[in-house]
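Notes follow once the structure below has been shown.
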Protein chains: 2
Amino acid sequence: MATHDPAGASTAERVEQAALRLFALRGFEGTGIRSIADEAGITLGSLYHYIGTKEDLLDRLMQKSMRGLLDPGREIVEATDNPRERIVKLVELHVRRHAEDNLLSIVGDAEIRSLTPARRRKAVALRDSYETLWEETISEGSRQGDFHVPDVKLATFALLEMCSGVAYWYSPNGRLSLDAIAKAFVEMALSLLGVDPVGTAPDARPERRPRHRARP
Amino acid sequence: MATHDPAGASTAERVEQAALRLFALRGFEGTGIRSIADEAGITLGSLYHYIGTKEDLLDRLMQKSMRGLLDPGREIVEATDNPRERIVKLVELHVRRHAEDNLLSIVGDAEIRSLTPARRRKAVALRDSYETLWEETISEGSRQGDFHVPDVKLATFALLEMCSGVAYWYSPNGRLSLDAIAKAFVEMALSLLGVDPVGTAPDARPERRPRHRARP
DNA sequence: AGGGCATTCGATCGACCGATCGACGGACGG
DNA sequence: CCGTCCGTCGATCGGTCGATCGAATGCCCT
């Protein structure tokens, strides 16, 4: 029942985790089905009682990866009016998922190309929907004068890409806690968006430090 | 002599370009040597008069990709004192190369994992050297009070990643010119770094617009 | 105790993988 | 006019790929 790699995981869960590790490490094409079976501790014949084809397995991981971003992303957009608050929550979501589920995120981001056309189209559609959440938020924020970016689409791509990179270097044993990392990325994102340092919170927080740039 | 895919390219050049296209599109492991031969317009047997092994071919592309960033990057660092000017030039270099040589950049960024350990170590060392140029620039800029970032290393990763993303969507026929894209990324990078809007150039340019501007 | 079913296994399939080889050919220098 | 040699080719190597199948096993429910 536990979703996070319990010691006594079922075989199906071990298979999925094994595939995830290997796909993230060596890529889909670079991973043989025998390696997956080995990593899961079963034989090749047994493996095929859990996966349909190798691509079915990838497709399921892919869906899981994108759903884990798109669904909470939509909730955020529906629940938040203010573009500034929205982008803060979107960045936090994106960074946290790319850190906590870094393997799934790597596969989701990098292996779209390994899907056959029909499935790739669906995956691309999901990704586009997710990116649209960001783009509309940034566009709205620019329209309202909260954000100041040279180009909405470029800012969207830049922001998404910079947050996705977390998946490639995050380690739970690293120098910074995930909270600290998320906070830093929110700060950098707002800065990139040209958000006026003063003022999201209407209730004035007196302890706010100068954030960036001490304007003399 | 032309370096950019002349119509009458030599066979060796056609082979390299073919491999580059395919590695960038399908990945190293996802590309068969027969596909490379086909794409280059020769037979499999002939192919092996130009490449050593498939990995030799990748390694050469890899070196080319990293050298194309590291060498000019070092020149910039040596020629520029001011961290602000330095980072502007580094961003321009990185974005321009990831756009103009997007296939080579994609392969260089994504296929390090496909190299065997000895070669991978060398490639990683080159990449680390390049990233150090950025990190030291950002660190120095922070020390001098020009930049204001939550964390130097996080800012380095964020900046590099956001600029690398250009390789995946740039098209010479796109909505924006490469000059415009580079300019926008410089602007976003400086904003992310919390650079004070006023004043890089000591010689006061009167026509400087309000940086982020509200477009009428 | 026994029936039924999910799970596992080893053997095996044809296709494709990266890589090698000897033969052919034609352009060019002597 | 002939020998040399670089580039090209088709054939072929052993190995690995993804995928399938029937038989054996273990477990649960009745």
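The shown structure was predicted, so the numbers you read here are calculated from the model rather than taken from an experiment. Here is the naming used below: chain letters follow the sequence lines, and residue numbers restart at 1 for every chain.
Mapping B/Glu55 and A/Gly41 onto DNA chain C by nearest heavy atom places A/Gly41 at the nucleotide closer to the 5' end.
Within 4.0 Å (heavy atoms only), B/Gly32 reaches sugar-phosphate atoms of the nucleic acid but no base atom. Within the 4.0 angstrom heavy-atom criterion, no nucleotide atom of any strand lies near B/Ser35. Note on A/Ile42: only backbone sugar-phosphate atoms sit closer than 4.0 angstrom, heavy atoms only; bases stay farther off.
The distance between atom NE2 of A/His49 and atom P of D/dG26, rounded to the nearest whole Å, is 16 Å. In this structure, A/Arg14 atom CZ and C/dT7 atom C1' are separated by 12 Å, rounded to whole Å. Computed from coordinates, the B/Leu57 CG to C/dG18 P distance equals 12 Å when rounded to whole Å. Atom pair A/Leu47:CG and C/dA11:C1' shows a separation of 16 Å (rounding to whole Å applied). Atom NZ in A/Lys54 sits roughly 13 Å away from atom C1' in C/dC16 (whole-Å rounding). One atom, CZ of B/Arg26, and another, P of C/dC17, lie 11 Å apart when rounded to the nearest Å. Between A/Ile33 atom CD1 and D/dC17 atom P there is a gap of 8 Å when expressed in whole angstrom units. In this entry the distance linking CZ of B/Arg34 with C1' of D/dC13 reads 11 Å, nearest Å.
When the side-chain nitrogen and oxygen atoms of A/Tyr50 are compared with OP1 and OP2 of C/dT8, one or more of them lie within a distance under 4.0 Å. A sub-4.0 Å separation between OP1 or OP2 of C/dT20 and a side-chain N or O of B/Tyr48 is absent. Residue A/Ser46 has a polar side-chain atom (N or O) positioned under 4.0 Å from OP1 or OP2 of C/dC9. Applying the 4.0 Å criterion to OP1 and OP2 of D/dG7, one finds that B/Thr11 has every side-chain N and O outside that range.
With a 4.5 Å cut-off on side-chain heavy atoms, B/Lys54 and B/Leu58 do not count as touching. B/Glu39 has its side chain within reach of B/Arg21: a pair of non-hydrogen atoms, C-beta onward, lies under 4.5 Å apart.
A salt bridge links A/Asp59 with A/Arg119: the distance from a Lys NZ or Arg NE/NH1/NH2 to an Asp or Glu carboxylate oxygen falls below 4.0 Å. A salt bridge is absent between B/Arg121 and B/Asp128: the closest approach of a Lys/Arg side-chain nitrogen to an acidic carboxylate oxygen does not fall below 4.0 angstrom.
Contact record, A/Leu176 with A/Ala180: CB-CB, 4.4 Å, taken as the closest heavy-atom pair.
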